[in-house]
Engineer: 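Input: one structure, supplied below.
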Amino acid sequence: MTDIKELLLSRIRDVADYPEPGVMFKDITPLLADPAAFTALTDALAEIAERTRATKVIGLEARGFILGAPVAVRAGLGFIPVRKAGKLPGATLAQAYDLEYGSAEIEVHAEDLTAGDRVLIVDDVLATGGTAEASVQLIRRAGADVAGLAVLMELGFLSGRARLEPALNGAPLEALLTV
């Protein structure tokens, strides 16, 4: 696992003062552009999907789509996008959550999750955990089980893990990298 961590870290670019002064943004686009690194990432996340016995993968808008879809294909599972409110046609389930300054809402198609589904949530970064926590609530409201949460990178200093672990109720939270 050390080799993959080194590979992944070597392809993540730090961008100072983005999107605002004082923030060190972790840009994953160089990783996505490198076929060996992107394949290694996809394989590692697909292994988590298989280990957790997931039956579906959810990707959180928007970078979770980029990571989750190939993970689902690699693991032979269905992929479900969780979108910002108002982006999906048809009947949806919605879940509101609080942001640092305000609130937001995410949605999923109501028919995409059913009782008996075991869902792995995939995203690029675990920061404060608000969106991930809302997705856990959405999955459970749909009658499905949460198989776990898998992310490329956890920003440990923002304490998202502490917020999420009670909501996950024993389901694993796996971060390939912690910064």
Engineer: Please find the pair of heavy atoms, one from R11 and one from A37, that lie closest to each other, and give the distance.
Structural biologist: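 Taking every non-hydrogen atom into account, CG-CB, 3.8 Å.
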Engineer: Side chain to side chain contact (heavy atoms under 4.5 Å, CB included) for L120 and I48? Distances and angles first, verdict last.
Structural biologist: CA-CA 9 Å; L120 178 67; I48 294 169; 4.2 Å; yes
Engineer: Search all heavy atoms of P70 against all heavy atoms of I66 and return the closest pair with its distance.
Structural biologist: CD-O, 3.1 Å
Engineer: Kindly give the heavy-atom pair with the smallest separation between A40 and L7, and that separation in Å.
Structural biologist: CB-CD2, 3.9 Å
Engineer: Taking it one step at a time, do L8 and L41 satisfy side chain to side chain contact (heavy atoms under 4.5 Å, CB included)?
Structural biologist: CA-CA 7 Å; L8 298 175; L41 172 59; 3.9 Å; yes
Engineer: Determine, step by step, whether K26 and V15 satisfy the side chain to side chain contact (heavy atoms under 4.5 Å, CB included) criterion, reporting the C-alpha distance in whole Å, the side-chain angles of both residues, the deciding distance to 0.1 Å, and the verdict.
Structural biologist: CA-CA 6 Å; K26 300 292 187 182; V15 180; over 6 Å; no
Engineer: Can you confirm whether more than 12 heavy atoms, excluding those of F25, are under 6.0 Å from its CZ atom?
Structural biologist: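 More than 12 within 6.0 Å, yes.
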Engineer: Could you tell me which non-hydrogen atom of A72 sits nearest to which non-hydrogen atom of F79, and how far apart they are?
Structural biologist: CB-CB, 3.8 Å
Engineer: Provide the closest heavy-atom pair for F38 versus L67 in the form atom of the first, atom of the second, distance.
Structural biologist: CE1-CD2, 4.0 Å
Engineer: In residues 164-179, what donor-acceptor pairs under 3.5 Å come from side-chain atoms, sequence neighbours left out?
Structural biologist:
residue	atom	partner	partner atom	Å
E174	OE1	R51	NH1	3.2
E174	OE1	R51	NH2	3.3
E174	OE2	R51	NH1	2.5

Engineer: Could you go through the side chain to side chain contact (heavy atoms under 4.5 Å, CB included) check for E107 and L138 one step at a time?
Structural biologist: CA-CA 8 Å; E107 294 180 331; L138 198 57; 5.7 Å; no
Engineer: Roughly how far apart are L152 CG and L126 CG, rounded to 0.5 Å?
Structural biologist: 11.5 Å
Engineer: I'd like a table of donor-acceptor pairs (distance under 3.5 Å, sequence neighbours excluded) in which one partner is a side-chain atom from residues 129-136, with atom names and distances.
Structural biologist:
residue	atom	partner	partner atom	Å
T131	OG1	Y97	OH	3.2
E133	OE1	R163	NE	2.8
E133	OE1	R163	NH2	3.1
S135	OG	A132	O	2.7

Engineer: Keeping T39 on the side-chain end and A36 on the backbone end, is there a donor-acceptor pair under 3.5 Å?
Structural biologist: no
Engineer: Write down the atom of D98, the atom of S103, and the distance for their closest heavy-atom approach.
Structural biologist: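 Smallest interatomic distance, heavy atoms only, reads OD1-CB, 4.1 Å.
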Engineer: Measuring from I139:CD1 to I121:CD1, what's the distance to the nearest 0.5 Å?
Structural biologist: 3.5 Å
Engineer: Assigning hydrophobic clusters by single linkage (Ile, Leu, Val, Met, Phe, Trp, Tyr; side-chain heavy-atom cutoff under 4.5 Å), is F157 placed with M153?
Structural biologist: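 Looking at the clustering, M153 is in the same group as F157.
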Engineer: Examine L158 and V125 and state if one hydrophobic cluster contains both, with Ile, Leu, Val, Met, Phe, Trp and Tyr joined whenever side-chain heavy atoms are less than 4.5 Å apart.
Structural biologist: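 Result: yes, single cluster for both.
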Engineer: Once rounded to the nearest 0.5 Å, what's the spacing between atom CG of L32 and atom CD1 of I12?
Structural biologist: 9.5 Å
Engineer: Taking atom CZ of R63 as the centre, report whether more than 12 heavy atoms of other residues, nucleotides or ligands fall under 6.0 Å from it.
Structural biologist: no
Engineer: If you round to the nearest 0.5 Å, how far is OG of S159 from CD of E154?
Structural biologist: 9.0 Å
Engineer: Could you give the distance from CD1 (I58) to CG (D123), rounded to the nearest 0.5 Å?
Structural biologist: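 Going from CD1 on I58 over to CG on D123, the span is 11.5 Å.
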Engineer: Taking distance alone, no hydrogens or angles, what donor-acceptor pairs closer than 3.5 Å link side-chain atoms of residues 80-95 to residues at least two apart or in another chain?
Structural biologist:
residue	atom	partner	partner atom	Å
R83	NE	E61	OE1	2.7
Q95	OE1	R141	NH1	3.1
Q95	NE2	Q137	OE1	3.0

Engineer: Are Y18 and L31 connected in the hydrophobic side-chain network, where two residues link if heavy atoms are under 4.5 Å apart?
Structural biologist: no
Engineer: Could you tell me whether the side chain of D17 and the main chain of G22 form a donor-acceptor pair under 3.5 Å?
Structural biologist: yes
Engineer: Between D145 and R118, is there a side-chain N and carboxylate O pair less than 4.0 Å apart?
Structural biologist: no
Engineer: Within the side chain of D117, is there an N or O that forms a donor-acceptor pair under 3.5 Å with the backbone of V119?
Structural biologist: no
